[in-house]
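Reading through the structure tokens given below for one structure.
In the text below, chain A, chain B and the rest are named by the order of the sequence lines, each starting its count at 1.
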There are 2 protein chains.
Amino acid sequence: MSNIREVARLSGVSVATVSRTLKDPRLVSPQTRERVLKAVEETGYRPNLLARNFSSGKSYAVVVLVPNVANPFFSKVIRGIEQAAQDQGYSVLLGDTQGKPEREHFYAGMALTSQADGLIQLDCRYPFAEKDMALAASVPMVNACERIADDASYPVVELDNRGAASAVARHLVALGHRRMGVITGPATSPIVRDRLAGFCEVLRASNLELDESLLVNGEFTMSSGARGAETLLSANRPPSAIFCMNDEMAIGAIHQIKKKGLSVPGDISVVGFDNIEFASFMDPPLTTIDQPAEELGRRAMETLLQMIAGNPPEQKRAKLAFDLVIRESSGECRD
Amino acid sequence: MSNIREVARLSGVSVATVSRTLKDPRLVSPQTRERVLKAVEETGYRPNLLARNFSSGKSYAVVVLVPNVANPFFSKVIRGIEQAAQDQGYSVLLGDTQGKPEREHFYAGMALTSQADGLIQLDCRYPFAEKDMALAASVPMVNACERIADDASYPVVELDNRGAASAVARHLVALGHRRMGVITGPATSPIVRDRLAGFCEVLRASNLELDESLLVNGEFTMSSGARGAETLLSANRPPSAIFCMNDEMAIGAIHQIKKKGLSVPGDISVVGFDNIEFASFMDPPLTTIDQPAEELGRRAMETLLQMIAGNPPEQKRAKLAFDLVIRESSGECRD
DNA sequence: TCTTTCTCCGTTATCGTTATTATTTATTTT
DNA sequence: AAAATAAATAATAACGATAACGGAGAAAGA
């Protein structure tokens with residue numbers, strides 16, 4: 001691989017001139033420029049960005065911590081991140097954490113060794129190891145979709161989760177449902193709490209109450225949705241509608257309900273959350289909350305790039321708008 | 001951020017000793033080791049990997065070119081890649097190409113500027129720009145899942161696509177189907193050709209023939225699957241079974257078929273390909289070909305790491321085994 | 001004509017780490 | 001105790017690009 005010295009030698013100028021020619025051609029005379037570019041052409045020279053980054057002390061990369069890339073919602077968020085990153089000459093290091101703290105520590109550590117200039121956390125945990133706390137304080141970090149519990153010092157780009165869940169509740173109440181079940185995500189997640197709060201808020205306002213026994217924890221997977229539905233169906237008095245905190249669980253729930261010989265929404269209405277691509281191709285097509293996944297990612301990345309540039313983020317908490325997409329998995333209560 | 005010099009100063013040794021202590025502690029005496037480690041602790045020193053990489057001339061990163069991260073099959077492959085990479089201290093740069101050549105060139109270019117030590121291409125195109133051909137020849141590259149058309153010089157880790165499609169055909173023939181439709185992927189893709197070949201092979205052996213009018217191109221998306229099904233349903237004599245070259249298209253096709261008031265598999269059998277998570281939660285659960293997605297990724301990464309290490313790959317063409325998963329979307333032909 | 005200003009370009013220090021070579025110190029052997 | 005050997009550590013030159021600085025020469029102004 002040829003280096004800048006070789007190009008300099010070949011074109012009879014100094015390395016500085018070659019560097020200038022490539023970084024800002026206006027700084028060199030047209031003749032020199034031409035000679036240098038010709039030499040670049042001949043040698044097939046490509047600047048060694050490892051050296052450039054080292055020299056500038058920046059990696060021009062960010063690491064994205066995601067619990068599971070195979071989750072369609074997260075992968076859409078990542079697309080948004082990637083797009084915004086590329087637009088500004090940044091690249092994305094993928095940190096699939098599988099929800100494991102060790103892996104989070106490992107990937108977050110990349111920002112401490114200059115392998116990444118910042119990080120985006122899609123999970124709700126503080127990603128650094130205890131021992132790295134001190135150093136980590138200076139690492140640009142943005143939370144997207146989720147919120148790090150008990151730490152308000154990092155910018156967050158999230159959905160109006162509370163509002164969205166309220167909209168779901170209002171929708172179901174309007175359809176006449178009075179006894180509702182909820183399949184949540186992990187109880188530790190702030191967004192789960194937000195959504196639950198928004199949902200209950202509306203119920204209370206309608207003089208309804210959420211029966212504690214109709215509140216089951218899921219893990220944002222289809223199989224946990226199926227299990228959750230199973231639990232709800234075998235309750236003393238099963239609900240006439242189930243709010244699932246993501247689409248996968250809703251799909252799992254519907255699968256289980258139909259397996260039991262019941263119909264959706266005939267016997268039970270089901271509402272999801274996220275509006276992943278698959279939602280509209282289900283049978284029945286899923287009523288759900290549309291999250292602007294790519295925009296969430298893009299905004300998070302833009303905020304992060306601002307922080308990396310040394311500017312404090314414009315806003316600490318960006319709340320994006322949701323959209324209730326009413327399809328056919330929710331219908332009038334027939335009880 | 002503290003550097004190695006500071007640690008050296010604090011512990012009263014040379015920078016070389018600090019470096020040795022961290023790379024191979026056996027090379028320094030226990031007393032010095034202790035002092036150095038104490039200084040590391042105190043300063044919170046973390047070696048600057050940007051500098052280490054620069055010094056060693058390697059980035060310890062690979063770039064993965066994927067047409068679409070949001071595709072569940074690809075994201076599973078990526079998980080495998082990421083896992084194998086992490087196991088060997090490598091990181092994964094995400095190159096979502098959206099199938100666009102410019103983006104492929106951009107990301108492939110990272111391997112020419114030492115930002116990546118190698119690349120994995122999940123699409124069927126030669127990813128480098130024309131002008132980079134010469135330099136690119138020395139870049140370690142592996143093809144996974146797909147195969148670069150007209151270029152046998154790169155190692156490939158793929159499924160036995162031909163065999164898998166044959167298995168699908170045998171399954172459908174065994175169920176009594178004689179008139180079959182196929183929704184393929186883009187015609188340029190070698191795996192599409194392989195699968196078609198395998199499918200037709202069995203048909204011919206059974207004295208059947210694939211009616212050209214029942215062969216439609218899809219784009220591996222649900223909506224293209226729906227369109228494909230629409231086309232097939234409105235044919236003069238519609239097929240009694242449809243083989244879709246991935247699960248998304250199968251899901252789209254089933255959606256469309258049911259929308260028309262027909263039943264799957266009652267009226268039409270549908271078979272997919274990939275066995276993504278969603279397949280088993282569909283209604284009806286999808287008969288499909290299980291691809292060991294994570295293993296494909298893992299094997300591709302392992303091969304790539306071998307090449308990066310300077311060893312020629314053990315095998316140029318790794319063909320992994322498929323598994324025909326028979327669920328309920330395929331049934332006896334009732335014509 | 002003599003400054004002054006500006007354009008263009010070369011010299012060189014620098015970034016943080018590692019590898020090589022040289023030197024010191026400790027240990028063993030005679 | 002001297003010599004030979006081994007172990008531990010230090011000094012320093014890379015790696016490739018950039019940026020700060022300065023010098024040379026041309027153009028512009030006095």
- Message: Quick check on contacts: within residues 52-63 of chain A, what sits under 4.0 Å from DNA chain C by heavy-atom distance?
- Response: A/F54, A/S55
- Message: According to salt bridge (charged side-chain N to carboxylate O under 4.0 Å, His left out), does anything in residues 135-146 of chain A pair up with another residue at least two apart or in another chain? List the pairs.
- Response: none
- Please round to the nearest 0.5 Å and tell me the distance separating atom CG of A/N161 and atom SG of A/C145. 9.0 Å
- Query: Under the salt bridge (charged side-chain N to carboxylate O under 4.0 Å, His left out) rule, what pairs show up with a residue in residues 39-59 of chain A, not counting sequence neighbours?
  - Reply: A/K38-A/E42, A/R46-B/D132
- Could you state the CD-P distance from A/Q115 to C/dG16, rounded to the nearest angstrom? 16 Å
Please report, to 0.1 Å, the donor-acceptor pairs under 3.5 Å made by any side chain of residues 65-77 of chain B, with sequence neighbours excluded.
residue: B/N68; atom: OD1; partner: A/R79; partner atom: NH1; Å: 3.0
residue: B/N68; atom: OD1; partner: B/A70; partner atom: N; Å: 2.9
residue: B/N71; atom: OD1; partner: B/F73; partner atom: N; Å: 2.8
residue: B/N71; atom: OD1; partner: B/F74; partner atom: N; Å: 3.1
residue: B/S75; atom: OG; partner: B/N71; partner atom: O; Å: 3.1
residue: B/S75; atom: OG; partner: B/P72; partner atom: O; Å: 3.1

- Message: Heavy-atom count check: over 12 atoms from other residues, nucleotides or ligands less than 6.0 Å from A/E34 CD?
- Response: no
- Atom CG in B/L112, atom CG in A/N48: separation rounded to 0.5 Å? 11.5 Å
- Query: Axis-to-axis angle across the helix from C/dT1-D/dA30 to C/dT30-D/dA1, five pairs an end, to 10 degrees?
  - Reply: 50°
- Contact list for residues 118-130 of chain A, test side chain to side chain donor-acceptor pair (under 3.5 Å), sequence neighbours left out: A/E104-A/R125
- Which is the 5'-most and which the 3'-most nucleotide of DNA chain D that has an atom under 4.0 Å from a heavy atom of chain A? D/dG16 to D/dA19
- Query: According to the salt bridge (charged side-chain N to carboxylate O under 4.0 Å, His left out) rule, which pairs have a member within residues 301-313 of chain A, sequence neighbours left out?
  - Reply: A/R298-A/E302
- Send over the distance from A/R5 CZ to C/dG10 C1', rounded to a whole Å. 14 Å
- For atom CG of B/N48 and atom C1' of C/dC15, their distance in whole Å: 9 Å
- Query: For B/L49 and C/dG16, what is the distance between atoms CG and C1' respectively, to the nearest whole Å?
  - Reply: 11 Å
- Note on the structure: Residues of residues 24-47 of chain B with a heavy atom under 4.0 Å from any atom of DNA chain D, listed by number, are B/V28, B/S29, B/T32
- Query: At what distance, to the nearest 0.5 angstrom, does OH of B/Y107 lie from NZ of B/K100?
  - Reply: 11.5 Å
- Message: Return the CZ to NE2 distance between B/R103 and B/H105, rounded to the nearest 0.5 Å.
- Response: 13.0 Å
- Give every residue pair that meets the salt bridge (charged side-chain N to carboxylate O under 4.0 Å, His left out) criterion with at least one member in residues 136-145 of chain B, sequence neighbours excluded. none
- Distance-only side-chain donor-acceptor flag, A/Q115 / A/T113, under 3.5 Å: yes
- Intermediate values then yes/no, side chain to side chain contact (heavy atoms under 4.5 Å, CB included), A/E6 and A/N3: CA-CA 6 Å; A/E6 198 178 325; A/N3 59 20; 3.7 Å; yes
- Query: Going by heavy atoms in the side chains, are A/T303 and A/Q306 under 4.5 Å from each other?
  - Reply: no
- Item | Gap separating the CD1 atom of B/I148 from the CG atom of B/N143, nearest 0.5 angstrom | 4.0 Å
- Message: Just the rounded figure in Å: distance from C1' of C/dA19 to CG of B/L22.
- Response: 16 Å
Shorter than 3.5 Å, N or O on both sides, protein versus nucleotides 11-13 of chain C: list them out with atom names.
none

Expected list for residues 12-22 of chain A: side-chain donor-acceptor pairs under 3.5 angstrom, two or more places apart:
residue: A/S14; atom: OG; partner: A/A16; partner atom: N; Å: 3.4
residue: A/S14; atom: OG; partner: A/T17; partner atom: N; Å: 3.4
residue: A/S14; atom: OG; partner: A/T17; partner atom: OG1; Å: 3.2
residue: A/T21; atom: OG1; partner: A/T17; partner atom: O; Å: 2.6

- Item | Residue closer to the 5' end of DNA chain D, A/S2 versus B/V13 (nearest nucleotide) | B/V13
